[in-house]
Protein chains: 2
Amino acid sequence: MPKRNAFYAQSGGVTAVINASACGVIETARKYKDQIGKVYAGRNGIIGALTEDLIDTSKESSTAISALRYTPSGAFGSCRYKLKGLDQSRAEYERLIEVFKAHNIGYFFYNGGGDSADTCLKVSQLSETMGYPLQAIHVPKTVDNDLPITDNCPGFGSVAKYIAVSTLEACFDVASMCKTSTKVFVLEVMGRHAGWIAAAGAIAARKEGELPILVLFPEVAFDQDKFLEKVEAMVKSHGYCTVVVSEGVKGPDGKFLSDQGLRDAFGHAQLGGVAPVVANLVRERLNLKFHWGVSDYLERAARHIASKSDVAQAYAVGKVAVEAALKGRNSVMPAITRVSNRPYKWKIELADLKDVANKEKFMPPDFISEDGFGITRKCRTYLEPLIAGEDYPPYVGGLPDYVQLKNAPVPKKLSASFEI
Amino acid sequence: MPKRNAFYAQSGGVTAVINASACGVIETARKYKDQIGKVYAGRNGIIGALTEDLIDTSKESSTAISALRYTPSGAFGSCRYKLKGLDQSRAEYERLIEVFKAHNIGYFFYNGGGDSADTCLKVSQLSETMGYPLQAIHVPKTVDNDLPITDNCPGFGSVAKYIAVSTLEACFDVASMCKTSTKVFVLEVMGRHAGWIAAAGAIAARKEGELPILVLFPEVAFDQDKFLEKVEAMVKSHGYCTVVVSEGVKGPDGKFLSDQGLRDAFGHAQLGGVAPVVANLVRERLNLKFHWGVSDYLERAARHIASKSDVAQAYAVGKVAVEAALKGRNSVMPAITRVSNRPYKWKIELADLKDVANKEKFMPPDFISEDGFGITRKCRTYLEPLIAGEDYPPYVGGLPDYVQLKNAPVPKKLSASFEI
């Protein structure tokens, strides 16, 4: 079989370990130089393929590529560009195939969440229809942990570790001064639809009830009175309380709690988070001193406190993606299968993209405690191994020594440009 | 000389390394068992002394005490209780002396910022007036870095490291997606009066201009138009921009920028941060997509990413405080003197409390760049050594293994209680 090139793209919100998957893809491809030519990357994700803006990763040294393992964010750029169905976006899919053809690309590695799994599946279907041989492999990534089949998603373990460690540290801080100062700390975390990230706040306590932590999930409609009762009880028993609130929490009316119709002094709409809303409620109704924080991008970029198993899994799904392609597999996703909890063991198995695309995995109801403000033992057993182990980046002069690649462009071959 | 006990208290906002100072005090005192009896700690700070609520640290194992070195927050509790002048608060000072007398306390170690330096000085003066021999030593601590004489304050280096690392990681994250998504990220940091913490955001870039970071200092009146111009220029040159804003930034009218008179849907006053205000401005005036974060307590509690030199200095000031007391010194503070920048060398020298109390150290004007949105080379040279080196806590099961002490009470000896 003649040697063909590979294309790799990053999709959607970036994570602390998506570059570790890129590292897994590129390092593995480099081991099979007899079968895979160059690895091209899409500049700013799939847009790079559509506009024929490709990056030649062969111009990067092996040191630079191995540094991707400990560099957060998307080294080649990412985007949220969603390709629609084949019938609506046929021109886009055809353009992709055209670009792949022009650059002799036989392997398509698409690193992202649910949307990119769907795109990957469609590309694979079209390549068959068009008679252009292509192996399309989806490499899973999402801090939201909402992909089906895989036990967990690369990217989630590290954000979970960041939230667990931050919640623990916040608890210690507030406990120190709660006698005379702040009694309620509210930490807003990501998660529009699923409460996986918020749930990680609860494992800051090694045992249920060890620390006064209260979680607000998007899966549970916000009950103001029950919430305030709970806060009051925790402040009474522990002297303070830490609330970890998902950005996606909704009231009984189905509206986001963050959407409070705030106006600034000039009457302009103010875009606030949910943390100040919850904190304000605590102040107005319970008259307790509060502080609040919103970690936002910091939580998903925090490679400095990445989970060791997350880094290992992110690398592994990249590596297995290439190996699967070389074995002739198509339209699959390397998924993580949990083998045992203690000790934590996992392996990578290939899932059919048809079973992955367009399915979202929410927190199972038996992962949320009966009162709706915490997690069950089952959830704890699931989460704990995912934050285990540290994998520190190297530091120079007090800062992580993250790599910035050269990202040299591949000369264009097509005359036609493509409008996004 | 008969053996006398020591009293140690933590004051004001806690830090990632104030317990390292406690560790320095207690471990050193334990080495001089022939001269120092027990070390008592004030439960919840100086309030513990006033109410005779003392903790017997001799009940803690040497393992537990050595774990304080890597445990953030205030292990014995802290408070912001400020003792006023001797004439106004004479009863309080006399009560302190009375409690010290009852428990044979001859050494007073007060670990805090400017206010506690002042209290420490007054206690020392009163002990002389009242003929009660006491050596009062102030142990410096403050994330605000605003104490005079000492080159820097224990606690600041770690918060600076957290902000520098977080700003670096946020820059990488935003850079990945700025082509099609967020172009401006606003990170709010602590600092009501002095911009030291915000300045640390600027050293995320190893060289001036390497990363598009813009700092808003409380020392510089906010100029909306100049700011927006700067943001626009950075987005043009780098594709994105990260704004690190001090909570204490004020407009030209002298009012906090965060004080926008926000009202929620019910017309109630909403307590917001400054980050959403700045982010909103960017959206309204430049129509750029933004995200914002507020790290709040997370930044000062983040022992997981503490600066190695900060931890070492925090321990050293505690150790030297005890050694100074044993040498008969009184009314002094161990201060950090910088010996050289490269390699970074420092030593501890004793400063007279009269020169420390009631003086605040702001950012020197020649530390802020001419345009008011960044730092000078001089500031960079000052800051860089303070974040150098990592000092990771031990982990168990993915979480830092922070210690919680027993905090056993010392039996009361006085019949009179004292109302705070």
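Sequence lines set the chain letters: A, B, ... in the order given, protein chains first and strands last, and positions in each chain run from 1.
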| remark: Smallest heavy-atom separation, B/M177 atom then A/V14 atom, equals SD-N, 3.8 Å
| Near B/K255 NZ, under 6.0 Å, is it more than 12 heavy atoms from other residues, nucleotides or ligands? | no
| field | A/S166 OG to B/D296 CG distance, which is reported to the nearest 0.5 Å | value | 12.0 Å
| field | Parallel, tilted or perpendicular: rings of B/H291 and A/Y297 (30°, 60°) | value | parallel
| Side chain to side chain, B/L187 and A/L298, heavy atoms closer than 4.5 Å | yes
| With under 30° as parallel and over 60° as perpendicular, where do the rings of A/Y392 and B/Y392 fit, or are they tilted in between? | parallel
| query | Taking atom CG of B/D253 as the centre, does the number of heavy atoms from other residues, nucleotides or ligands within less than 6.0 Å exceed 12? | reply | yes
| note | Looking only at heavy atoms, the pair that brings B/P72 and A/F172 closest together is O-CD2, 4.0 Å
| field | Top contributor to chain B interface from A/A16, A/S78, A/G77 [non-hydrogen pairs under 4.5 Å] | value | A/S78
| field | When A/A275, A/P385, A/G13, A/S176 are compared by non-hydrogen pairs under 4.5 Å with chain B, the top option | value | A/S176
| B/V174 versus chain A, the contacting section by heavy-atom distance below 4.5 Å | side chain
| message | Quick check on the interface: out of B/R300, B/R303, B/Q10, who has the most heavy-atom pairs with chain A under 4.5 Å? | response | B/R300
| note | Whatever's closer than 4.5 Å to a heavy atom in chain A on B/L399 counts as both
| request: With a 4.5 angstrom heavy-atom cut-off, could you sort out which part of B/R43 is near chain A: side chain, backbone, both or neither? | output: neither
| query | Can you tell me how far CD of A/E169 sits from CD1 of B/I305, rounded to the nearest 0.5 angstrom? | reply | 10.0 Å
| field | Options B/H304, B/E384, B/K179, B/E299, ranked by heavy-atom pairs under 4.5 Å with chain A, top entry | value | B/H304
| query | For A/K308, does the NZ atom sit with more than 12 other heavy atoms under 6.0 Å from it, leaving out its own atoms? | reply | no
| When heavy-atom pairs shorter than 4.5 Å are enumerated against chain A, which of B/A302, B/S181, B/G397 gives the highest number? | B/A302
| query | Counting heavy-atom pairs under 4.5 Å to chain A, which of B/I387, B/I47, B/I420 comes out on top? | reply | B/I387
| Residue pair A/V165 / B/G398: nearest heavy atoms and the distance that separates them | CG2-O, 4.2 Å
| query | Given a strict heavy-atom distance threshold of 4.5 Å, which part of B/A204 is in contact with chain A: side chain, backbone, both, or neither? | reply | backbone
| message | For chain A, which candidate among B/T180, B/D173, B/V294 shows the most heavy-atom pairs at distances under 4.5 Å? | response | B/D173
| query | At a heavy-atom separation under 4.5 Å, does B/N44 approach chain A through its side chain, its backbone, both, or neither? | reply | side chain
| Who wins among A/G74, A/S307, A/G45 for the most heavy-atom pairs under 4.5 Å with chain B? | A/G74
| What class does the angle between the rings of A/W292 and B/W292 fall in, given that below 30° is parallel, 30 to 60° is tilted and above 60° is perpendicular? | perpendicular
| request: Compare all side-chain heavy atoms of A/Y395 with those of B/K161 and state whether any distance is below 4.5 angstrom. | output: yes
| Which answer fits B/V403, side chain, backbone, both or neither, if we ask what part of it has an atom under 4.5 Å from a heavy atom of chain A? | backbone
| Which pair of non-hydrogen atoms, one from A/A301 and one from B/A170, has the smallest distance, and what is that distance? | CB-N, 4.5 Å
| task | Sort B/T71 into side chain, backbone, both or neither according to what part of it lies under 4.5 angstrom from a heavy atom of chain A. | result | side chain
